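Notes for the one structure printed next.
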Protein chains: 2
Amino acid sequence: MKQVFKDSGVAISEKKKTIEGNAGPVRDRLLDTAERLFSEHGFEGTSVRDLASAAGCNIASVNYYFGGKEKLYEEVLRRHLIPMTDIRIASIDKVMAQSNGKPELEVLLRAFANAFIEPLADEARASRFMKLMAREMIDSNLPSDMFVKDVIIPTMTAMRTGLVKACPGLDESKVPLIVHSVIGQLVHAVHSERMLEQAKAADIPKFELAKVIEHIVKFSAAGIRAYAREKSE
Amino acid sequence: MKQVFKDSGVAISEKKKTIEGNAGPVRDRLLDTAERLFSEHGFEGTSVRDLASAAGCNIASVNYYFGGKEKLYEEVLRRHLIPMTDIRIASIDKVMAQSNGKPELEVLLRAFANAFIEPLADEARASRFMKLMAREMIDSNLPSDMFVKDVIIPTMTAMRTGLVKACPGLDESKVPLIVHSVIGQLVHAVHSERMLEQAKAADIPKFELAKVIEHIVKFSAAGIRAYAREKSE
DNA sequence: GAAGAATTCAAACAAATGTTTTAAGCTGTC
DNA sequence: GACAGCTTAAAACATTTGTTTGAATTCTTC
C-alpha cells in the first residue's frame with residue numbers, strides 16, 4: 001500500500017501563525033533547512049539529526065513528512081529546479097518575441113546570461129542552491145536523469161534555437177559547441193566566485209557580476225561572429 | 001610524539017613481486033583504489049571497509065599506512081594535483097620560449113587547452129581524477145586552501161602573462177576575465193562530457209575532444225581579438 | 001467538551017561508520 | 001634457527017547513521 005505524506009497545507013488551512021525565528025509549519029522549515037545543509041555539506045554529509053535540530057523539530061519528522069531523507073532531498077531540488085529552468089526559457093522566448101524572431105546577438109546573449117544567473121542573484125539562497133546544483137552535476141542523488149532531462153536539455157535547446165535565428169549565417173552543426181561555450185563561462189563564473197571567496201585568494205581579483213556578464217556577452221558574441229563570418233564568405 | 005607512516009618503499013627494497021590483479025605493495029594499491037572510489041562516490045560516500053576490500057587488504061591498513069581516511073584522501077590528491085599543474089605551466093612556457101615570447105594567439109590557446117585536458121586524456125584515470133577535482137572545487141576535504149593555492153592560482157597566472165604577451169594591445173584589466181572564460185569552457189567541456197554520458201541524453205550530441213578543443217581555441221581567439229581591436233582603435 | 005485525526009516526541013532499532021587493539025605472520029640478519 | 005622489525009589479520013571499540021515504534025500531545029470537528 002502506498003503511503004501518502006502530508007504537504008504543508010498552508011494554502012488550505014492557513015491557520016498556523018508564523019512564529020518568527022523558526023517560521024512556518026514544520027514541513028516548510030525542514031525544506032528550507034535541508035536546502036541549506038545539503039548545499040553546505042552535501043547529501044551524505046548531512047544527517048537527519050542535523051536537519052531536525054537545525055529545523056527545530058523531531059528526528060522522526062523527516063520520515064513523517066517526506067518518507068525518508070532521500071525523498072526530502074528530491075523535494076528540495078524539485079522545488080527550485082523546474083521554476084528556475086522556466087525562468088531561463090521564458091526570458092529567451094521574450095527576447096525572441098520582442099524582436100520578431102530575429103534578435104540582435106548581444107541582446108539574446110545578455111538575456112540568456114542574466115536569466116542564467118539571475119535566479120541565483122539573491123545572495124543567500126543563490127550560492128546555496130548553486131552549490132546544490134554543482135553537487136548534483138557531479139554525482140546525482142536524484143532518481144534517474146531528472147537533472148539532465150528537466151534542466152540541462154530544455155535550457156540548451158532553447159538557447160540553440162535562439163542562436164540559430166539570431167545568426168542565420170551560422171553552421172548549425174557548430175551551434176551545440178557554441179552553446180556549451182556560453183554555458184561553460186556562466187557556470188564557471190558562478191563557481192569560481194564561490195570557490196575563490198572561501199579561499200581568500202589575494203592574487204585573483206573579484207568581479208562584479210554585472211561586469212562578468214557584459215564580458216561574457218561581448219566575448220561570446222565575437223566568438224560566434226567568427227563562425228558566422230566564416231560561413232558567409 | 002609525531003608518528004611517521006610507512007611509504008611504499010618500492011625504490012628501496014623492491015623485493016615484493018607484483019602479484020597480478022592486485023598488483024604492487026598494499027600502500028600503492030590503496031592509493032589507486034582510493035582514487036577510484038573517492039572519485040566515484042565522494043569522500044563521505046566511501047567507507048574504509050570499501051577501500052580495504054576493493055584494494056584486497058585489511059581494514060587497519062588504511063590507518064597503518066596513512067594514519068586515517070582523511071590523510072589518505074590528501075595523499076591521493078597530492079599525488080596528481082601538483083604534477084598536473086606543472087605540466088600545464090610547462091606547456092605554456094614552452095610555447096612562449098619557442099616563439100621568442102610573442103606567440104600567435106591560437107597557438108598559445110591551443111597549447112593551454114591541450115595541457116589542460118591532456119593530463120585527463122588517458123580515459124580511465126582521466127575522468128576519475130577530474131571527478132575528484134570537481135568534487136574538490138565544491139567542498140574541499142583538503143586542508144586549508146591547497147587546491148586554490150597550488151592549482152588554480154599558478155595556472156591562471158601563467159595563462160595571464162602568456163596572454164598579455166601574445167596580445168600586446170590588450171587591456172590588462174580585462175585579461176583575468178578572459179582567462180576565466182577560457183578555463184570555464186575547458187572545465188565545462190570535461191564536465192559535461194561526463195555528465196551527459198551517464199545520462200544517455202539522446203538530444204545532446206557527443207563531441208570528440210579534439211574538435212572541442214579546436215572550437216574553444218577559435219571561439220576564444222575571436223573573443224580576445226574583440227578586446228584587442230577595441231584597444232588599438 | 002468529547003471523539004478522532006494529525007502531529008510531535010523520546011526512545012530504541014539494526015546497520016554502518018572510523019579507529020584501535022592485540023595477536024599472528026612474514027622478512028631479513030646474524 | 002632465533003631474534004628483531006615490519007606487515008597483516010580478526011575482533012572489538014565507541015559513534016553515528018536512517019528509520020521505526022508507540023505513546024503523548026495538539027489540533028480539528030462536531
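Here is the naming used below: chain letters follow the sequence lines, and residue numbers restart at 1 for every chain. A quick note: this is a predicted structure, and the numbers were derived from the prediction, not measured.
In this structure, A/Asp50 atom CG and D/dT16 atom C1' are separated by 10 Å, rounded to whole Å. For A/Lys71 and D/dG18, the NZ to C1' distance is 13 Å, given to the nearest whole Å. B/Glu44 has its CD atom 15 Å from the C1' atom of D/dT15, to the nearest Å. In this structure, the CZ atom of A/Phe66 is 11 Å from the P atom of C/dT8, given to the nearest Å. The distance between atom CZ of A/Arg27 and atom C1' of C/dA6, rounded to the nearest whole Å, is 15 Å. Atom P of nucleotide D/dT21 and atom OH of A/Tyr64 are separated by 15 Å, given to the nearest angstrom. In this structure, NE2 of B/His41 is placed 16 Å from C1' of C/dA16, rounded to the nearest angstrom. In this structure, B/Leu30 places its CG atom 11 Å from P of D/dA9, rounding to the nearest Å.
A 4.5 Å side-chain heavy-atom check between A/Val212 and A/Leu186 finds every atom pair outside the cut-off. Annotation: side chain of B/Met96 is in contact with side chain of B/Leu108 (closest heavy-atom distance under 4.5 Å). The shortest distance between side-chain heavy atoms of B/Arg110 and B/Glu214 falls below 4.5 Å. Counting heavy atoms from C-beta on, the side chains of A/Thr155 and A/Phe112 come closer than 4.5 Å. Counting only heavy atoms from C-beta outward, the side chains of A/Glu35 and A/Glu75 never approach each other to under 4.5 Å.
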Give me, pair by pair, the N or O atoms of the protein and of nucleotides 19-26 of chain C that are less than 3.5 Å apart, along with how far apart they are.
from, atom 1, to, atom 2, distance (Å)
C/dT19, OP2, B/Lys69, N, 3.0

*Run the numbers on B/Met159 and B/Leu109 for side-chain contact (heavy atoms from CB on, under 4.5 Å), then give the verdict.*
CA-CA 9 Å; B/Met159 189 58 194; B/Leu109 288 172; 3.7 Å; yes
_Could you go through A/Phe38 and A/Leu51, starting from their C-alpha distance and side-chain angles, then the distance that decides it, and tell me whether this counts as side-chain contact (heavy atoms from CB on, under 4.5 Å)?_
CA-CA 9 Å; A/Phe38 280 148; A/Leu51 287 168; 4.1 Å; yes
*asked:* Does B/Arg79 form a salt bridge (charged side-chain N to carboxylate O under 4.0 Å, His left out) with B/Asp32? I'd like the steps, not just the answer.
replied: CA-CA 10 Å; B/Arg79 187 165 64 142; B/Asp32 290 337; 3.2 Å; yes
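Side-chain nitrogen and oxygen atoms of B/Ser47 include none within less than 4.0 Å of the OP1 or OP2 phosphate oxygen of C/dA16. At least one side-chain nitrogen or oxygen of A/Tyr65 sits closer than 4.0 Å to the OP1 or OP2 atom of C/dT8.
Using cut-offs of 30° and 60° on the angle between ring planes, the pair A/His188 and B/His180 is tilted.
Side-chain atoms of A/His41 never come within 3.5 Å of backbone atoms of A/Thr46 as a donor-acceptor pair (strictly under, hydrogens ignored).
With the end axes of the helix from C/dG1-D/dC30 to C/dA12-D/dT19 each set by five pairs, the angle from one to the other reads 20° at 10° resolution. Terminal axes of the helix from C/dA14-D/dT17 to C/dC30-D/dG1 (five pairs each, C1' rotation axis) are separated by 30°, to the nearest 10°.
Side chain to side chain, B/Asp50 and B/Ser47 meet the donor-acceptor criterion of an N or O pair below 3.5 Å.
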